[in-house]
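Convention: sequence-line order gives letters A, B, ...; per-chain numbering from 1.
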Amino acid sequence: MQPFDTDSRLIERMTNGDHDAFAEVYDRYASLAYAVAVRVLQDSMAAEDVVSEVFLRLWRNPGSFDEQRGKLAAWLTVITRNRAVDALRKRRGEREDQLEDAPPAQIAIASNSHYAVDFQKAQKLMAELPAEQRRALELAYLDGFTQSEISEKLGQPLGTVKSRIRNGLLTLKKAMA
Amino acid sequence: MSGHDEFRNDLPLFAAGALAEGEADAVQRHVDSCGECEQELADLVNAAAQIAISRGGAKPGAHLRERILRDANRGGLVAKARPDGWLPSGLRPHLPGGWVWAPMFAAILFAVLTVTNWKTAQQLKEENATLTLKSSENAKLLERTRALVETLTAPDAVHFTLTASGKPAPPEAKAIYSEKQRALVLTANNLPSLQPNQAYQLWLLPRNTAAPIPYGTFKPDQRGNGVLIMTALEPTSVKGFAVTIEPESGSQQPTTAIVLVGTI
């Protein structure tokens with residue numbers, strides 16, 4: 001039976017060109033990255049391209065992950081989200097006449113197969129936020145809208161939107177401390 | 001409020017991706033020079049990741065794993081760990097008196113040159129990694145284009161016509177699959193629109209087993225048209241294809257009735 005390696009150990013092995021370590025990282029976190037990309041892009045093919053780019057970027061430069069700044073799961077989530085939003089905004093710029101509201105995603109919760117990705121904890125944290133803060137955060141983080149676009153979209157003052165995003169994220173940060 | 005305080009106040013908005021490009025650039029420049037804000041931002045970015053993590057996981061197809069591991073195996077540069085500093089034994093000071101400075105100076109010069117060369121090599125590696133990534137993206141695009149053309153014209157390509165009966169403007173789809181090219185092209189027309197959290201999912205009906213194999217998902221545009229292109233597929237002997245309506249992240253097994261089907 002293979003001994004269990006921490007994420008840090010897998011990254012270290014990848015730095016030395018260990019392909020099996022890369023495969024292990026993929027198997028641990030591909031479902032998370034894919035779920036994020038699908039949620040943002042609403043397109044499984046485009047999501048696959050983003051996931052491929054993110055993991056290959058990690059393979060080619062494992063030193064770009066700094067464990068001092070957080071878990072590998074969170075890092076991959078952020079990189080995937082940013083790349084997916086870039087693609088989404090580019091698509092919006094090319095197809096302004098077909099801009100649609102992003103529908104609320106109902107992605108099935110995967111079994112918590114790895115201790116480093118606590119889906120249930122994240123769900124609980126988000127559920128405990130006031131609905132308007134959660135909505136503002138999702139519009140920004142998952143749908144790629146700026147604060148001004150959210151203000152216009154929801155018909156709310158810009159200051160209100162800023163406060164909701166700020167307070168919501170500070171609450172999440174405090175809950176994770 | 002000082003400039004620092006204003007930037008600090010904007011950190012949650014920056015971490016949530018809510019700032020416009022110019023505003024985000026200004027915050028990034030401040031963070032690059034402020035250790036306190038850098039740490040605060042790192043904590044906020046980790047917190048923001050929970051927004052995405054709370055949505056749960058969705059299993060991508062096996063073909064994606066194969067594609068990514070294959071692309072990694074082709075070689076892209078892997079950054080090596082920074083080499084530990086060392087001095088060759090021959091440069092260790094061992095001469096008495098004034099002569100001890102000569103090898104020490106040589107050792108210092110060697111160390112400086114080693115670090116300088118490492119930095120240059122490291123910069124070159126990073127630039128090469130970027131070029132390799134761009135080259136890989138172009139290669140990927142070329143591969144998909146090649147697969148599309150060769151699938152459409154492959155001698156063993158079989159055209160499946162999928163139809164649904166009893167509707168005024170029947171939804172239909174054509175699936176062109178080549179086992180040798182390991183690629184599939186699907187075009188669909190007149191499909192009904194879906195609920196926001198749904199997608200059409202394509203299933204391969206294998207010749208030798210009963211269970212349908214999940215393939216990709218797609219959503220029709222406003223005119224009811226959709227296209228699915230898949231490459232690097234597992235070679236499979238095919239009896240036909242079917243389409244069902246599934247959750248937008250896809251299913252491992254059909255959960256609804258077939259809406260389109262075509263078999264040999």
Using heavy-atom distances under 4.5 Å, tell me whether [X] contacts chain B through its side chain, its backbone, both, or neither.
X	value
Arg81(A)	side chain
Asp49(A)	both
Thr77(A)	side chain
Val51(A)	both

First locate atom [atom1] of [X], then atom [atom2] of [Y], and finally report the distance between them rounded to the nearest 0.5 Å.
X	Y	atom1	atom2	result
Trp59(A)	Leu69(B)	CH2	CG	9.5 Å
Asp43(B)	Lys173(A)	CG	NZ	5.5 Å
Arg166(A)	Leu13(B)	CZ	CG	5.0 Å
Leu44(B)	Leu172(A)	CG	CG	9.5 Å
Gln123(A)	Ile53(B)	CD	CD1	12.0 Å
Leu11(B)	Leu169(A)	CG	CG	10.0 Å

Please classify the contact between Ala24(B) and chain A as side chain, backbone, both or neither, with a heavy-atom cut-off of under 4.5 Å.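 No part of Ala24(B) comes within 4.5 Å of chain A.
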
What part of Glu23(B) lies closer than 4.5 angstrom to a heavy atom of chain A: side chain, backbone, both or neither?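 Looking at Glu23(B), just its side chain touches chain A.
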
I'd like to verify something: which residue of [options] has the highest number of heavy-atom pairs under 4.5 Å with chain B?
options	value
Leu139(A), Asp43(A), Ile165(A)	Ile165(A)
Val78(A), Val85(A), Thr146(A), Thr171(A)	Thr146(A)
His19(A), Met176(A), Met126(A)	His19(A)
Gly168(A), Ala127(A), Ser52(A), Ala37(A)	Ser52(A)

Which heavy atom in [X] sits nearest to a heavy atom in [Y], and how many Å separate them?
X	Y	answer
Tyr141(A)	Ala49(B)	OH-CA, 3.7 Å
Ala74(A)	Asn46(B)	CB-OD1, 3.1 Å
Asp71(B)	Leu56(A)	CB-CD1, 3.7 Å

With the threshold set at 4.0 Å, does a side-chain nitrogen-carboxylate oxygen contact exist between Arg65(B) and Asp27(A)?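 Salt bridge present between Arg65(B) and Asp27(A).
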
Enclosure of Glu152(A) CD (heavy-atom neighbours >12, cutoff 6.0 Å):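 Counting neighbours around CD of Glu152(A), 12 or fewer heavy atoms of other residues, nucleotides or ligands fall under 6.0 Å, so no.
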
Pair Asn73(B), Phe22(A) - check side-chain contact (heavy atoms from CB on, under 4.5 Å), show working. CA-CA 10 Å; Asn73(B) 232 355; Phe22(A) 176 60; over 6 Å; no

